[in-house]
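A, B, ... follow the sequence lines: proteins, then strands. Residue 1 opens every chain.
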2 protein chains.
Amino acid sequence: MQKKRVTIYDIAKALNVSASYISRALNDHASISEKAKEKIKKKAAELNYKHNALAANLRQGGSKLLGVIVPLINQRFFSDTISGIEEICSDKNYSLLICQSHENFAKEVHAVDTLIKQNVEGILISVSSETNSSEHLQNILTHDIQLIQFDRCLDELNSIKVENNNLEISYKVTKNIIESGYDKIAFLGGPNHLSTFKNRKDGFLKAIKEFNLPIPFNFIQEDLLVPENSYKVARELLLLKDPPNAFLTVSDHQSLAILRLANELQIDVPNDLAIFGFANEDFTTITNPFLSSVDQKSKELGRQAALAFFAKTNAERVRGEKIEPIIVESEIMVRQSSKKI
Amino acid sequence: MQKKRVTIYDIAKALNVSASYISRALNDHASISEKAKEKIKKKAAELNYKHNALAANLRQGGSKLLGVIVPLINQRFFSDTISGIEEICSDKNYSLLICQSHENFAKEVHAVDTLIKQNVEGILISVSSETNSSEHLQNILTHDIQLIQFDRCLDELNSIKVENNNLEISYKVTKNIIESGYDKIAFLGGPNHLSTFKNRKDGFLKAIKEFNLPIPFNFIQEDLLVPENSYKVARELLLLKDPPNAFLTVSDHQSLAILRLANELQIDVPNDLAIFGFANEDFTTITNPFLSSVDQKSKELGRQAALAFFAKTNAERVRGEKIEPIIVESEIMVRQSSKKI
DNA sequence: TTGTACGCGTTATCAC
DNA sequence: GTGATAACGCGTACAA
């Protein structure tokens, strides 16, 4: 006794009109009188009719679906970007298909595939730390699906990108650390093939150079997004004869690991060691001391990514020109962990 | 010059066979030789063909889509349940349509509507704190869509439910608090129309009764999920002549607010005030002191909810019997905030 | 093993 | 205003 889905035909039959008439009425076509519309809508509600998006989308080509791929949904930074994306999409009556790559390239490729099959109209992605090839993203464009990269972007791919002013803010942060009285700054970066992290490193180097600080080469490390790895490397550095007195990380999760390490080693943060990170995660104001960080305006980042989709300004791509990235200005949040008392 | 989507017809034409043949080959039908399958799959890849889930789903009735509605995606507890759900679904090749209610009833109703229109096969929901009516959920069943409630459930609705052993664990926690030397325990609950919170309150009351503790009626408060409200109420209580020396909350977010309050009022946690919560959020081991909590096994909760969908044991519903809830055992995590030093 | 014909539910188009 | 019909892309009886 399977209940069948109620269709416009059922309404049509009940009202003794044609199905196409119902369709138009339900879609508020101009050619139909208000009175008829009302009557039909009432009947539809009465029969508990629900629009079948599948059929409509098949017919119309579009799916009103957007795909989002992020490394981890439970990092506050990413869930905030998703909130921003959702805000715009629910305005436009688009739904979100959300996937996690779990920082794993294979899963990311699979997610892209799934989303293409689900007929999404656009894919908004912040790539995994492992992602060093853009073939799968290229594939998105091949299928005529909008591609918008945000936060973590592959430089080589000419797509719409929404990023922070990473180089500039990293430069400013480093300058701030130096001016706060720290002179031996170690940089714990991310995978350098992602422009996000490369830019943060370059900003750091720019400031170091400007202030003529002699930083040993092993103070500059890459690919340490996983907190445990940051912990290990930081530990080695802190046990050196001449250890760093400041850490600039590219994520608060690294900063947190270092704070834990400092506690274990009984190092006084901030007086003997400064810590500064990125993302402005919630926990930065729960730790003791509070962690200095860069507010990346994550929600706005998401909003801009979604808006970029709806703007559909990919005219550049068609013409083969380089698409200029959309920049979301970030903000320095100097807290206790980088200010000597 | 819009590129058209490649369909099985294009492959068929290229290979001089019929479209249905292609369809079967791509779906690994037994009636087709391995050799032919291989050839067709190769050609499909070559033409960059992607299966159109929209069309297939329309044809087959199902959508291979599951809808998930949670209050807030960026609360670790919920993102963990989603991770669990996703784990099972990606096994079964189902995709997830994720919506947030933002603890708002109207948004929740809208989300349900969207998901039905998107033709999801099942909806997994943890209702908003405002949700006090089940009409919209009833509507899901009317449309013959599986409904699985998890964590926050509406009792009145006879649907599959996946919950913690809330009453029992709350009883145990309260007992633990009492046996740790606290005798004036205040309970800061959630909306009582949700069985989750009602059970936690009942567990609390059971222990109080058993130990014969004289708890003033205003020590028992409800509907305080919003941390700011917990803060306000807790403040009033702590400023009483005879204030509580312990708080049992129903979420770590409330606990955190109270810890902040205690710091402001310079109350010694845990020696003069115990705090105990639910959810085992990450930050419970970042705060100082660490916060005692109940590990709800959030990921397992999600896994069980998804498995319940695939088990399709709703035979009970059809027969009108009461569906027994699936229970996920939670675990007490006694930390610094409820142990006197 | 392969092809034909049809239907899933909707909407666009044309005709009246 | 209103109705008939085709088409979106796929899967599946049924036939061959």
Would you mind writing out the side-chain donor-acceptor pairs for residues 6-14 of chain B within the sub-3.5 Å range, not counting sequence neighbours?
from	atom 1	to	atom 2	distance (Å)
B:T7	OG1	B:Y9	N	3.0
B:D10	OD2	B:T7	N	2.8

Mind listing the side-chain donor-acceptor pairs of residues 29-38 of chain A below 3.5 Å, one per line with the distance, residues two or more places apart or on another chain?
from	atom 1	to	atom 2	distance (Å)
A:S33	OG	A:A36	N	3.1
A:K37	NZ	A:H29	O	3.1

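- Under the salt bridge (charged side-chain N to carboxylate O under 4.0 Å, His left out) criterion, A:K117 pairs with A:D113, sequence neighbours left out.
- Residues meeting the side chain to side chain contact (heavy atoms under 4.5 Å, CB included) test with A:P191, sequence neighbours left out: A:S129, A:H193, A:L194, A:F197, A:D223, A:L225.
- At whole-Å resolution of the value, CG in A:D28 and P in C:dT11 are 12 Å apart.
- For B:H136, the ring pair (Phe, Tyr, Trp, His ring centres under 6.0 Å) partners two or more places apart in sequence, or in a different chain, are B:F105.
- If you check residues 33-40 of chain A against DNA chain C, you find no residue with a heavy atom closer than 4.0 Å.
- In this model, the phosphate group of C:dT11 is not approached by any side-chain N or O of A:S20 to a distance below 4.0 Å at OP1 or OP2.
- When the salt bridge (charged side-chain N to carboxylate O under 4.0 Å, His left out) test is applied to A:K64, no partner is found at least two apart in sequence or on another chain.
- Proximity of a side-chain donor or acceptor of B:Q149 to a complementary backbone N or O of B:L154 within less than 3.5 Å is detected.
- For A:Y9 and C:dG7, the OH to C1' distance is 11 Å, given to the nearest whole Å.
- Spacing between atom CD1 of B:I116 and atom P of C:dG9 amounts to 16 Å, rounded to whole angstrom units.
- Sorted by residue number, the members of residues 48-60 of chain B with any non-hydrogen atom under 4.0 Å from DNA chain C read B:L58, B:R59.
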Tabulated below should be each protein N or O lying under 3.5 Å from an N or O of nucleotides 14-16 of chain C; please produce it.
none

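- Applying the side chain to side chain contact (heavy atoms under 4.5 Å, CB included) criterion to B:S90, with sequence neighbours excluded, gives no partner residue.
- Using modelled atom types, no side-chain atom of A:S63 and backbone atom of A:N57 make a donor-acceptor pair closer than 3.5 Å.
- Under 4.0 angstrom from either OP1 or OP2 of D:dG11 there lies at least one side-chain N or O belonging to B:S23.
- Each salt bridge (Lys or Arg N to Asp or Glu O under 4.0 Å) pair with one or both residues in residues 95-109 of chain B, not counting sequence neighbours, appears once here: B:E103-B:R152.
- Contacts between residues 10-19 of chain A and DNA chain D, counted as heavy-atom distances below 4.0 Å, involve A:V17, A:S18.
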